[in-house]
Amino acid sequence: MLAMALTKGRLEKLTVKLLEQSGYGIEPLKNKGRALVFHDTQKPLDYFLVKAPDCVTYVRHGVADIGVVGKDTLLESEDEYFELMDLGIGKCRFILASRPDHNVLTKMGHIKIATKYPHVATAYFKQKGLDVEIIKLEGSVELAAVLGLCDAIVDITETGNTLKENGLIIYDTVCDISARIIVNKASFRLKRAEIDALLADLRQAVKEEGIC
Ligand code: PRP
């Protein structure tokens with residue numbers, strides 16, 4: 001029996017679709033109501049839906065053997081797990097953005113960066129040789145650049161619509177992001193055959209879809 005933590009929200013639909021294409025019995029996940037744990041109707045597998053950072057926590061503690069979570073969350077996490085597969089879904093990127101004529105990469109003096117991802121932002125500017133002040137926000141990060149709380153933002157963009165609609169432009173790409181499979185370290189030893197079988201099924205579905 002395996003337990004799988006799925007990230008709810010944007011990744012949820014894509015993950016459920018991929019599991020369905022892999023032959024898994026995910027009907028309970030499609031008609032979920034307010035339930036929190038779902039039993040696969042075809043395989044010895046339980047699913048539960050959680051917020052992205054919690055997905056990593058459940059996997060680290062071994063309550064979930066496997067997790068599906070974005071690379072953005074993994075880059076911020078200091079938890080221990082094995083990252084075993086790029087599912088190629090939920091593709092987006094980390095960017096540096098600001099108002100027009102506000103390129104902080106060429107600015108002198110104190111630089112304020114707003115972000116939900118302080119680790120990612122700090123590592124990015126360190127690699128650029130720039131010392132910046134990080135302002136941690138919980139959401140709608142673009143607003144901070146619009147209202148002047150910061151000089152620029154490090155955030156995720158997918159379609160680019162939020163940036164565009166708020167008059168912001170991209171100055172640099174920090175890195176690409178997609179959904180990953182993570183596995184609890186002990187589970188990988190103790191349930192290796194089941195985990196390998198699940199990974200093989202997902203790999204096949206990813207290949208057939210031409211995702212990667
Ligand atoms: C993310 C990100 C941007 C937006 C970008 O926020 O932080 O705000 O999506 O998407 P786009 O390029 O397709 O417009 P999310 O919707 O996850 O929530 P948040 O605003 O609460 O951070």
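As the structure is a prediction and not an experimental result, all values here were calculated from the model. We count ligands from 1, going down the list as the structure has it; atoms in each ligand are counted the same way.
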Q: Write down the atom of Lys116, the atom of Val141, and the distance for their closest heavy-atom approach.
A: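 Minimum heavy-atom separation between Lys116 and Val141: CG-CG2, 3.7 Å.
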
Q: Return the set of residues passing side-chain hydrogen bond (donor to acceptor under 3.5 Å, both in side chains) with Lys17 (not counting sequence neighbours), or none when no residue passes.
A: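 For Lys17, no residue satisfies side-chain hydrogen bond (donor to acceptor under 3.5 Å, both in side chains) once neighbours in sequence are set aside.
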
Q: Among pairs that include at least one residue of residues 81-100, which meet ring pair (Phe, Tyr, Trp, His ring centres under 6.0 Å), considering only residues two or more places apart or in two chains?
A: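 Checked against ring pair (Phe, Tyr, Trp, His ring centres under 6.0 Å) - neighbours excluded - the pairs reaching residues 81-100 are Phe82-Phe188, Phe94-Tyr117.
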
Q: Spell out, yes or no, whether Val154 and Leu74 are grouped together once hydrophobic residues are joined by side-chain heavy atoms under 4.5 Å, including indirect joins.
A: no

Q: Taking salt bridge (charged side-chain N to carboxylate O under 4.0 Å, His left out) as the definition, give me every residue that meets it alongside Arg93, ordered by chain and number, with sequence neighbours left out.
A: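 Salt bridge (charged side-chain N to carboxylate O under 4.0 Å, His left out) list for Arg93, sorted by chain: empty.
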
Q: Please tabulate, line by line, the atom pairs linking an N/O of ligand 1 to a protein N/O at a distance below 3.5 Å, with the distance in Å to 0.1, or answer 'none'.
A:
unit_1	atom_1	unit_2	atom_2	d
ligand 1	7 (O)	Asp155	OD1	3.0
ligand 1	7 (O)	Asp155	OD2	2.8
ligand 1	8 (O)	Glu142	OE1	3.1
ligand 1	8 (O)	Glu142	OE2	2.7
ligand 1	9 (O)	Arg10	NH2	2.7
ligand 1	12 (O)	Thr157	OG1	2.8
ligand 1	12 (O)	Glu158	N	2.8
ligand 1	12 (O)	Thr159	N	3.2
ligand 1	12 (O)	Gly160	N	2.8
ligand 1	13 (O)	Thr159	N	2.9
ligand 1	13 (O)	Thr159	OG1	2.6
ligand 1	14 (O)	Thr159	OG1	3.4
ligand 1	14 (O)	Thr162	N	2.9
ligand 1	14 (O)	Thr162	OG1	2.4
ligand 1	16 (O)	Arg10	NH2	2.9
ligand 1	20 (O)	Ser140	N	3.1
ligand 1	22 (O)	Lys116	NZ	2.5

Q: Short question: side chain of Asp172, backbone of Val174 - any donor-acceptor pair under 3.5 Å?
A: no

